[in-house]
Each structure stands twice: as structure tokens, then as C-alpha cells.
Amino acid sequence: MVSMTPVLHNLHLFASQSVTSEPLETAALLAVFGMLSLIAVLSSRTADRVGIPAVLLLLVLGMLAGPQGFAGIHFQNFHFAFRLGTVALILILFEGGLTTPLAAVTSVLLPASLLATVGVALTAVIIALAGHGLGLTWSESMLIGAVVSSTDAAAVFSVLHAGRLRLKPRLSRTLEVESCINDPMAVILTTMVIEVLSRQHPEIGWLLVQVPIQLIVGGAVGLLLGVSARYILRRMPLPSTGLIPAFTLAMAILSYGLASILGGSGFLAVYATALFMDASTLPFRSGLLRVHSALAWLGQIGMFLMLGLLILPSQLAHVTWLGLGIAFALALVARPLAAAACLLPLRFSVLETLYIGWTGLRGAVPIILATFPMMAHLPGAQRVFTIVFFVVVVNTLIPGATIRWVTRRLGLGQEEKPSPEAVLEINSARPLGGELASFFIEPSAAVSGAALRELEFPTGASVMLIVRNNQLIAPRGDTIIQTGDHVYMFFQPKDRSLMDLLFGRAENGGLG
Amino acid sequence: MPLKDILRRENIKAPLAAKDKKEAIKELVELLAVNKDVKNPDLVLASVLERESIRTTGVGYGLAIPHSKCGGVNKLTIAIGKPEQPMDFQSLDGQPVYLIVLLVSPPEQTGAHIQSLASISRLMTVDAFRSKLKAAKTADEIYDAIAAQEKVMVPET
């Protein structure tokens with residue numbers, strides 16, 4: 001790594017100044033990015049154990065690779081950062097939508113939309129007041145308020161989906177959906193503040209109408225593309241299963257572009273497209289989810305490394321106290337108050353409200369928004385950017401590192417243990433009638449110890465295969481289901497709840 | 001074996017005093033212990049909760065069927081409880097439950113255990129029967145509804 005430093009010192013990434021040193025420059029860049037990604041992937045094990053969101057580690061890693069770190073990469077291209085950040089967020093949001101059942105979203109739509117609108121505005125106002133109280137100018141504090149007002153989907157998903165956290169579904173869904181639909185509000189607030197500050201005589205009334213318009217157009221584009229994608233995938237088999245994720249990825253990118261051009265929220269459109277595709281009943285389901293999960297990880301790694309690169313540690317030192325002050329004002333005052341204002345009227349319990357107030361995870365979105373003032377060349381933009389970075393790090397680190405403890409402490413965990421992974425995968429390239437599922441047999445399952453002939457199955461249901469240790473077993477009448485078996489079942493969709501009742505624990509990812 | 005032959009009127013309680021899932025299961029196990037159908041309530045409770053921890057038995061339709069096979073019981077036994085208010089059971093369909101059917105049996109009665117689970121869940125797919133249970137106020141009303149419905153579905157030979 002050290003020997004590479006001289007080459008990299010002269011790298012002005014994507015600034016298109018020097019083309020003479022190619023292909024060495026590209027090679028060096030890819031080598032460094034590959035190495036950083038590798039470190040990021042491997043260190044995620046440790047991060048997961050400690051409970052630090054993996055994304056934070058990436059930020060730090062990026063910072064270390066930056067101009068003042070060991071690799072000395074000079075990368076201050078805010079325009080490119082904005083683009084890359086947008087693409088990465090699309091990948092992350094799309095995967096989030098694919099893994100969320102539509103019904104789960106509708107059940108928390110009201111609290112999530114309140115948090116995403118009223119909650120965001122309230123947060124922005126409180127932070128602006130706090131910032132001014134701490135000695136920032138009004139313009140700086142208003143910018144910071146707007147920029148950090150929304151929670152971040154990437155951080156929320158990364159923390160909530162991390163291994164051993166089993167949060168009550170209503171809370172995790174509310175946090176997830178909120179993080180996916182609150183970006184338009186923050187974008188609009190930021191744009192509004194920038195326009196006010198650059199004295200472009202904005203029409204505030206018009207900007208406020210933008211919020212519902214953005215949400216409706218974004219949602220409508222998502223609905224349209226999601227439903228069509230679903231129709232196409234189910235009715236027109238593609239020549240190769242490898243093309244299925246290529247198709248869905250194209251839909252994801254298209255939905256962002258289309259919705260944004262039409263004046264809607266692109267991020268919401270991406271999430272809605274994935275949601276309305278209803279991945280749980282698509283052909284090639286598990287293969288599709290795996291590809292998108294990999295893409296989402298790549299998006300996270302790329303985006304946070306890049307954002308880390310944008311930060312100069314020497315500037316962090318200048319605003320330490322200011323940054324910490326605003327960060328804590330957000331974590332301890334603004335977010336809890338906003339959560340209380342939105343959720344208590346909806347009969348969320350005080351504990352649940354506190355919990356949601358505590359887990360207002362910030363991440364890439366605020367940092368991407370903080371590139372807006374930089375691109376608009378506003379005075380104080382650099383200081384704002386650095387403070388925002390502080391706020392994000394603190395508001396990711398504190399909730400992220402404490403979330404397991406808090407979940408346990410407040411008794412808001414789900415009682416069920418997580419589903420084990422299947423040992424065998426069965427993928428279908430075309431939609432099939434009937435359901436396939438695999439179950440892991442726990443000692444307490446009703447069927448454990450039963451001979452297959454004792455099971456009175458409804459018509460159209462049967463055990464297909466049993467995997468016991470490393471052995472495949474043909475199911476016959478006298479075969480006895482044992483603890484630790486993986487039982488592969490075929491049944492009709494209407495009998496799903498009976499199967500869950502008898503077999504207990506369905507497995508992840510075996511069939512699709 | 002028809003459910004009405006397994007179920008005793010005194011093992012039905014409406015309304016339950018319990019306010020949440022765990023309390024409700026405990027209350028039903030204790031009811032069975034008082035009526036001498038369960039000899040070791042602690043063992044039974046622990047094993048029912050263990051089953052509950054792998055996957056909720058709230059199968060949807062507002063019904064939950066917590067169950068287990070364990071040594072703390074002499075024969076296949078059922079208790080039914082109706083919460084005062086529909087209760088969160090982390091059900092598969094997210095709906096609160098208004099009827100809890102607890103089923104416990106000794107470990108060797110696997111076949112009967114599974115068949116009873118299946119027939120309870122089959123009974124509950126009948127819309128008219130479900131609304132009858134939802135409206136039922138007393139243990140007797142619940143018992144009679146079940147006996148009547150079984151008669152329709154499984155005519156006695």
C-alpha cells in the first residue's frame with residue numbers, strides 16, 4: 001500500500017485533468033478500491049459482533065484512504081459523489097423493497113408518513129434553533145437542520161437487518177418505511193433553504209405543495225413499473241435466469257430516472273417498484289434476492305468509502321464541539337420530540353415512541369444532501385458539510401452500537417428465534433402453481449417424532465424430501481421425522497398456516 | 001377422535017384474566033392443572049413456550065393454537081380461553097386473536113396430537129363458525145358451538 005502512495009498523490013479522481021498516466025491510474029484506483037472493499041467486507045464480521053453499523057467502519061476507512069490518510073487519494077468531486085451516492089442508494093432501497101412484504105408496509109403507512117413529513121420538518125426546525133444557539137449563523141444552522149432532517153435507509157436497513165436483532169415487526173417496519181419515504185421532504189427543505197440563501201426569490205408556497213406531489217408521483221411511477229415488471233416476469237419467461245436480475249436492475253434505475261423527470265421522488269419510486277413487484281411470488285425468487293443483496297452491499301461499500309474520502313480529518317478537528325453539540329441535540333432532543341409528536345397520538349406506547357426516537361439513524365442521505373450547498377457554492381458550505389458528517393457519525397454510532405441492548409432492555413424484541421438457512425436450494429425459472437417450503441425440525445415441533453403416515457395431509461400437500469445430516473432421505477410412510485431434519489414440503493397456498501403450525505420453523509432462502 | 005370427546009366444559013374459560021400472550025398460556029395451563037388434567041404445569045408451560053419461540057401458533061383468522069408434547073400430562077388434553085379483548089399473538093396475519101386453544105399431549109401420542117391440531121385448524125376455516133365463536137360469551141356457548149360444528153363436518157357413524 002505504501003509503495004502506491006506516490007502514484008495516488010497525483011490522482012485527481014474523475015477530474016479529467018490527466019490522461020497521460022493511463023492505464024496506470026485506473027489500475028491504481030481499482031487496486032485501492034478493491035483493497036478497501038476487501039477490508040470492508042472482512043472487517044464487517046468484527047463490526048457485526050461489536051454492534052457498530054458496518055457503514056460507519058466504511059466511512060472511517062474512506063477517511064483513512066483520503067488526502068490526509070495513508071493512501072492519499074485526493075477526491076473532492078462533489079458532483080461525482082452525488083451521482084455515485086444516488087446510484088448506491090437506488091441499489092440499497094431496491095433491495096429493501098424486495099425483501100419487505102407489501103402488507104407489512106401498508107400496516108405502518110400512517111405512522112411512517114407522519115414521521116416522514118411532520119417529523120422531518122420538526123427535526124429541521126429544532127436543529128436550526130439548536131445550531132443558532134450554539135453560535136452558527138442562521139444560514140448555516142438552517143442548512144444543517146434541513147440536511148440532517150431525514151433518516152437514512154441504508155443505515156436503517158444495515159442496522160435492523162444485522163444478524164441477531166429481532167425487533168417487533170411494527171417497529172422495524174415503521175423505521176424502515178419512514179427511512180424510505182422521508183428523503184423527498186429533506187430534499188425539498190434543503191432546496192428551499194438554498195434558494196432562500198442564494199436570494200432567488202423562491203415561492204415557498206409552491207415548494208410546500210411539492211411534498212405531496214413528489215410523494216404521489218414517485219409512488220405512482222413505482223406502482224406502474226412494479227406491477228408491469230411483475231406481469232412481465234410471470235408471463236414472459238426470459239431465455240436465461242441470469243437475465244432476471246438484469247431486468248429488475250434495469251427497472252430500478254428506470255424508476256428513479258422516470259419519477260425524477262416527472263417531478264416525483266426518485267427514491268420513493270425505486271422502493272415502491274420493488275415493493276409492488278411482490279418478490280415473494282416471483283419465479284427465481286431466491287436467486288433474484290441474492291443478486292440484489294450483493295448489489296446493495298456493493299452500493300453501501302462504494303458509497304460510504306467515497307463519502308469518507310470527501311472528509312478531511314483536519315477540518316473535523318475545527319468543528320468538534322459544534323459538531324458534537326448539534327449531533328447530541330439531534331439524538332437527544334430533536335428526534336425524540338419529533339417521534340413523540342408523530343407517534344403518541346397514534347397510540348404507540350411510550351416505550352415504543354422512545355425507541356423510535358432513539359433509533360433515528362442518519363447516514364448517506366444527509367451527506368449527499370450536504371453536497372447540494374457545496375455544488376451551489378454557498379458561503380460556509382464546507383463547514384456545514386463537515387458538521388453534517390459529525391452529526392451523521394454520532395447519530396449512526398450511538399443508536400447503532402446500543403440498539404441491541406436497548407431492544408432487549410425495553411423488551412421490544414420479537415420472541416421468535418431467527419429462521420435457519422436452508423441446506424438445499426430449489427429454483428424455478430417460471431412461476432409454478434402451489435408452494436414449496438423447507439422446514440427445520442425443532443424438538444418442540446408437533447411433527448417431530450411422527451411417522452409420515454400419521455400426518456393427515458390436506459389434498460395437494462406432501463413431503464418431497466428430507467435432508468438429515470448429509471443424507472438425502474426418500475420420504476415413505478414409515479419414515480419418522482426427527483429433530484434436526486430439513487423437511488421439504490409441497491402444498492397449496494391456502495394450507496400455509498397449517499404447515500407452519502405443524503412443522504414450526506420455515507427456513508430462509510431454500511426455495512424460489 | 002372428535003374434539004368434543006377430548007374437550008371438557010370446565011377446561012374452557014371466558015373471559016381470560018390475562019392481558020398478554022404469555023399470561024394467557026399460563027392461565028390455560030393452570031386451568032388444566034386445577035382440573036387435574038395436567039400434573040406438572042411448570043413443565044407443560046415451559047414446553048408450550050418453547051414451541052411458541054420457534055414460530056407463533058397464531059395461525060390467522062383470530063385464532064391461536066399453542067401446543068406441545070411433553071411428560072407433564074397424562075393424555076391428549078385441550079383447554080380453550082377467550083381473552084377479554086382480542087390479544088396480540090404475533091400472528092402470521094398480524095391480526096389479534098380472540099380465541100386461544102391450548103393442546104397438550106404426552107410425547108408418545110404423536111399421531112393424535114397432529115390430527116387434533118389439523119382438525120382444530122380445519123374447523124376454523126368455516127366463516128359462520130368463526131363468527132359464532134367471536135360472539136360467544138360463556139364457556140357453554142363455546143363448547144356447544146364446537147360440538148354443533150363438528151357434528152356438521154364429521155357426521156357420527
Side-chain angles (χ1 to χ4, degrees), chain A residues 101 103-108 166-170 173 349 352 411-420 437 439-459 461 477 480-483 491-507, chain B residues 1 20-22 25 43-71 76 88-97 101 103-125 154:
Chain A
V105 171
T106 43
S107 67
V108 297
R166 306 279 301 166
L167 184 59
K168 270 191 179 176
R170 178 158 94 141
R173 297 296 185 216
S349 74
E352 290 173 327
L412 294 173
Q414 208 177 15
E415 285 156 30
E416 288 177 23
K417 298 172 192 165
S419 309
F439 292 88
F440 180 75
I441 304 302
E442 296 275 351
S444 61
V447 295
S448 96
L452 289 183
R453 88 171 88 71
E454 291 179 294
L455 306 179
E456 269 182 44
F457 278 131
T459 42
I480 291 176
I481 297 177
Q482 296 179 4
T483 299
F491 52 89
Q492 301 305 312
K494 68 174 171 58
D495 294 322
R496 173 88 220 192
S497 62
L498 178 63
M499 296 303 143
D500 280 332
L501 186 70
L502 296 181
F503 287 84
R505 181 178 285 185
E507 297 178 314
Chain B
M1 186 159 37
D20 68 27
K21 174 174 171 171
K22 229 174 231 171
I25 294 175
L43 193 65
V44 170
L45 179 63
S47 91
V48 172
L49 291 180
E50 168 61 26
R51 166 61 187 84
E52 215 55 44
S53 77
I54 63 171
R55 185 78 163 138
T56 176
T57 57
V59 290
Y61 299 121
L63 171 74
I65 319 176
H67 59 270
S68 89
K69 291 171 294 184
C70 73
L76 182 63
D88 176 35
F89 222 81
Q90 284 112 41
S91 291
L92 300 172
D93 60 359
Q95 298 299 315
V97 304
V101 181
L103 190 148
V104 285
S105 69
E108 61 279 6
Q109 283 196 27
T110 319
H113 183 79
I114 294 170
Q115 281 146 27
S116 308
L117 279 176
S119 44
I120 297 168
S121 111
R122 204 177 312 128
L123 269 182
M124 293 301 290
T125 55
V154 205

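Lettering of chains follows the sequences in order, A, B, ..., and the numbering in each one begins at 1.
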Q) Between B:Val59 and A:Asp500, is any pair of side-chain heavy atoms under 4.5 Å apart? A)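 Not touching, per the 4.5 Å side-chain cut-off.
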
**Q.** Atom group of A:Ser107 that falls short of 4.5 Å from chain B, counting heavy atoms
**A.**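 Contact with chain B: none, neither part.
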
Q: Heavy-atom pairs under 4.5 Å with chain A are the metric here; pick the option from B:Leu49, B:Thr110, B:Thr125, B:Ile65 that has the most.
A: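 Most heavy-atom pairs within the cutoff with chain A belong to B:Thr110.
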
Give, for atom [atom1] of [X] and atom [atom2] of [Y], the distance between the pair rounded to the nearest 0.5 Å.
X: A:Phe457; Y: B:Ile114; atom1: CZ; atom2: CD1; result: 8.0 Å
X: B:Arg55; Y: A:Ser444; atom1: CZ; atom2: OG; result: 13.5 Å
X: A:Leu502; Y: B:His113; atom1: CG; atom2: NE2; result: 8.5 Å

Q) Is chain A contacted by the side chain of B:Ser121, its backbone, both, or neither, given a heavy-atom distance below 4.5 Å? A)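 The side chain, not the backbone.
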
Q.
Any side-chain to backbone donor/acceptor pair from A:Glu454 onto B:Gln115? Under 3.5 Å, distance only.
A.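 No: the side chain of A:Glu454 does not pair with the backbone of B:Gln115.
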
Q. Which one of A:Ala450, A:Ala446, A:Pro443 has the most heavy-atom pairs closer than 4.5 Å to chain B?
A.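 Going by pairs under 4.5 Å, I would pick A:Ala446.
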
Q) Which heavy atom of B:Ile54 sits nearest a heavy atom of A:Glu442, and at what distance? A)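 Here B:Ile54 and A:Glu442 meet closest at CG2-CG, 3.5 Å.
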
